[in-house]
Amino acid sequence: MDNIQDSDTAGQPNPGGAGAASATHRLRSVLAIRPFRRLWGVTYLCSVGDWLSLLALTGLVTKLAEGYRWEGFALSAVVLTQLLPGILFAPLGGVLADRFDRRKVMVLCDLARGGLFLSIAFVGTAWWLFIANFLVGCCAMLWIPAKDSAVPNLLRRPDQVESANQLGLVMTYGISTISGFGLYAIISGIPGYLHLTDRDDVVFTVASIAVVVNGLLYITSAVLVATRIPELSGRATSPKRKQADEDKVGFVAMMRDGLRYAWRTPLVRGLVIGMIGAFAAAGAVIGCAKLYALSLLGGDSAFGLLFIAVFVGLASGMALAPRFARRLTYNRLFGLTIVCAGLSLAIVALAPHLWVALVAVALVGGTAGIAFLTGLTIIGSQVEDEMRGRMVALVQSLMKIILGLSTVVTPLLVTVVQPRTITVFNHPLHVDGTRPVMFGAGVLAAVVGLIAYRQMDNRRIEPILSELFNAIRGKSKSSAGLLITVEGDTRRDTSAQARRLADALRDAGHVVLLASDPELDERRLRSMLSTVDLAGVRAHALVAAAVRADVVEREVRPALDSGALVVMERYVDSPLAHFSAVGSVQPAEVEGLVDWATGRLRPDVTILLDRSPVTMPDDALDETVFGKPGTRAIDNIEHHWRVQRLLTEMASADPDRYVVVDADGTEDEVAERVRTAVLPLFAERRVPAEVQPVVETT
């Protein structure tokens, strides 16, 4: 346990909640996972290639087919030939990602993209450029679902999906964008460096070089994926996947099953409905942005400022999404942010001045950024692995179809509406066609977001407005109190230290509930197990989860809602480590069960008692793990070493929440270390006057 700090050197957690861990640390914990870090680098290469291809192909088109009409049509033609495959091939990409080895799919697609870009440079004709660009877009639609659906399998815990998505979006739309445009600027500036700007053959050669560099980026990506990230081939096993592998379901059947799954699953159905509304509203904004800027009497400068406001809002929303997700469930947050985006768009339509429009547009971008990141997180963390590729492909396809249609239809609607002059309080107001169209798009997005919210909301007994106001004020989504857990390998240690910590906090003037360990509530477990004979880890895990859910609902949540400090031993981490150490169940399965049983209630501070199994008494090593009387655990020291190693890894992945205490020594010595480490964290916390003392439960 040398890689874990003791109580004197451990990072001090913020008692504001598990979500109070710094964003920097959350991102570092994800980047510490080697396979994901390498995939992040591959994402950089491919994203640079995507942005570079947009400029490189546009420049090459103007050289291959010179003329004024090509100057204006080049960018649109390149974009169109890249977007069209999204409509045709995105569903196929989802099926491939769910049916075949995702790593092989990515390698083949990258090799194909690299070869196509090299062929563009060597063939040197405009017609082949557009054909090859279309095929490149097809490969991208096969590559994206394979990559996105594989990411959750590379992570240690489901709650890291959000941070992984943040890093992916920052790389795709931030770092790689700057790198791609900068690389193109360097390459296109070569004639100027050599003072050969007047020679057309040199300029054409430089444009071809940019395309060749683009192809080499994709080939490099293929080599890295094939040789350095074998983990991309891994999949989460489940009965559905085993059955599908045995049945050898065809492509059409898999596509049909994916659509049926999306429609019959309320969570995914709400997600799809919300995405449709969000993309339709975004397309409406794109379609009439230029005319709207003119209505603000700002011209091109206003148009540029509006785009800056949108992207600033998007970046801010993606950065703030995890903070809001700690106060609202993902299922509620997604629909709610789409409703807010629609209402903000309605304000944009009514904005009388440019500064009002800029603020409202930034709000639209911010809420859209939160919704987009939340939607990706829901797919990555809550959609089954055997369906994840098809759901990613469905969202990608919807994004391109709805954006394309609304971008085309919106200018037609603006033309039909026509500018009008209305009188308000004897003052004539000129209303151009963009205002009613944008207002209608905002109302549509708000209604669709409300429908999505109703489909996805899994906590309807709790009023959404109160949760929303608490989220804005910065309060936790679960309670006003704080949950402190004491975790360790043996119940003897955790029980003694939890009781002593509760006494110390009471002596410091806090209202404290000492919640019982769900697995140690022998009366409930005996009553459950007296009529049945359970065998195996899964059965005992289900019973333990049931008791834990009952304790959380009856004791822990009411105490937290009243503002008390709750001390609970062996809440999640210790049972999870023991069940995982047995080896017959996957840690992700136990984690999912625990999350469901506790309603994803996370501790604010976790005290990890770091004790070497060598120093444990024999009776502590032999204590029952599963809670069934007469059943012995794997009563050997190797099992306890595995448990302690798993607990150590949990603390390493989230040190801002953990206080690691050296538990070697007498009970009094350990209690003093715990008290010294924990009490300063709550020194400035005041107990609310309306909180009544809570009766201790044992």
Side-chain angles (χ1 to χ4, degrees), residues 76 79-80 83 87 272-314 317 335-369 371-372 398-424 427-453:
S76 299
V79 172
L80 179 63
L83 289 180
I87 301 175
V272 170
I273 292 173
M275 287 291 188
I276 290 174
F279 293 146
V285 173
I286 295 172
C288 59
K290 191 74 173 179
L291 293 175
Y292 176 75
L294 294 175
S295 73
L296 294 171
L297 305 178
D300 291 339
S301 61
F303 180 71
L305 289 174
L306 289 172
F307 261 89
I308 292 174
V310 167
F311 281 100
V312 169
L314 278 171
L336 183 62
T337 49
I338 292 180
V339 172
C340 293
L343 297 178
S344 300
L345 184 57
I347 296 175
V348 172
L350 300 175
H353 301 290
L354 177 60
W355 69 268
V356 177
L358 292 175
V359 173
V361 165
L363 286 175
V364 172
T367 50
F372 186 62
L398 282 176
M399 180 175 66
K400 291 175 171 57
I401 294 173
I402 302 300
L403 273 177
L405 289 177
S406 58
T407 302
V408 172
V409 171
T410 299
L412 299 178
L413 292 176
V414 172
T415 304
V416 171
V417 172
Q418 294 291 328
R420 301 176 184 273
T421 301
I422 60 176
T423 302
V424 179
H427 291 282
L429 294 177
H430 182 73
V431 180
D432 70 302
T434 62
R435 303 303 184 111
V437 172
M438 294 182 71
F439 186 83
V443 172
L444 174 65
V447 172
V448 170
L450 184 61
I451 295 173
Y453 169 78

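For the single chain, residues carry numbers from 1 onward in sequence order.
- Proximity of a side-chain donor or acceptor of Y292 to a complementary backbone N or O of V348 within less than 3.5 Å is detected.
- A distance of 10.0 Å separates CG of L345 from CG of L444, quoted to the nearest 0.5 Å.
- Of the inter-residue distances, the one linking L296 atom CG with L291 atom CG reads 11.5 Å to the nearest 0.5 angstrom.
- The CD1 atom of I276 sits 10.5 Å away from atom CD1 of I338, with the distance rounded to the nearest 0.5 Å.
- Between F439 atom CZ and T434 atom OG1 the span is 13.5 Å, to the nearest 0.5 Å.
- Contact detail for A341 and V364: the closest heavy-atom pair is O-CG2, 3.9 Å.
- Closest non-hydrogen pair, V339 versus A446, comes out as CG2-O, 3.5 Å.
- Looking at every heavy atom in both residues, V448 comes nearest to I273 through CG1-O, 2.8 Å.
- A donor-acceptor pair under 3.5 Å links the side-chain atoms of R435 to the main chain of A351, judged by distance alone.
- A pairwise comparison of heavy atoms in A441 and A281 identifies O-CB, 4.1 Å as the closest pair.
- Taking 4.5 Å as the limit, every side-chain heavy atom of V416 sits out of range of all side-chain heavy atoms of L412.
- Closest non-hydrogen pair, A445 versus G342, comes out as CB-CA, 3.8 Å.
- In summary, of the residues considered (V356, V312, V310, I308), a side chain to side chain contact (heavy atoms under 4.5 Å, CB included) with V361 occurs for V310 alone.
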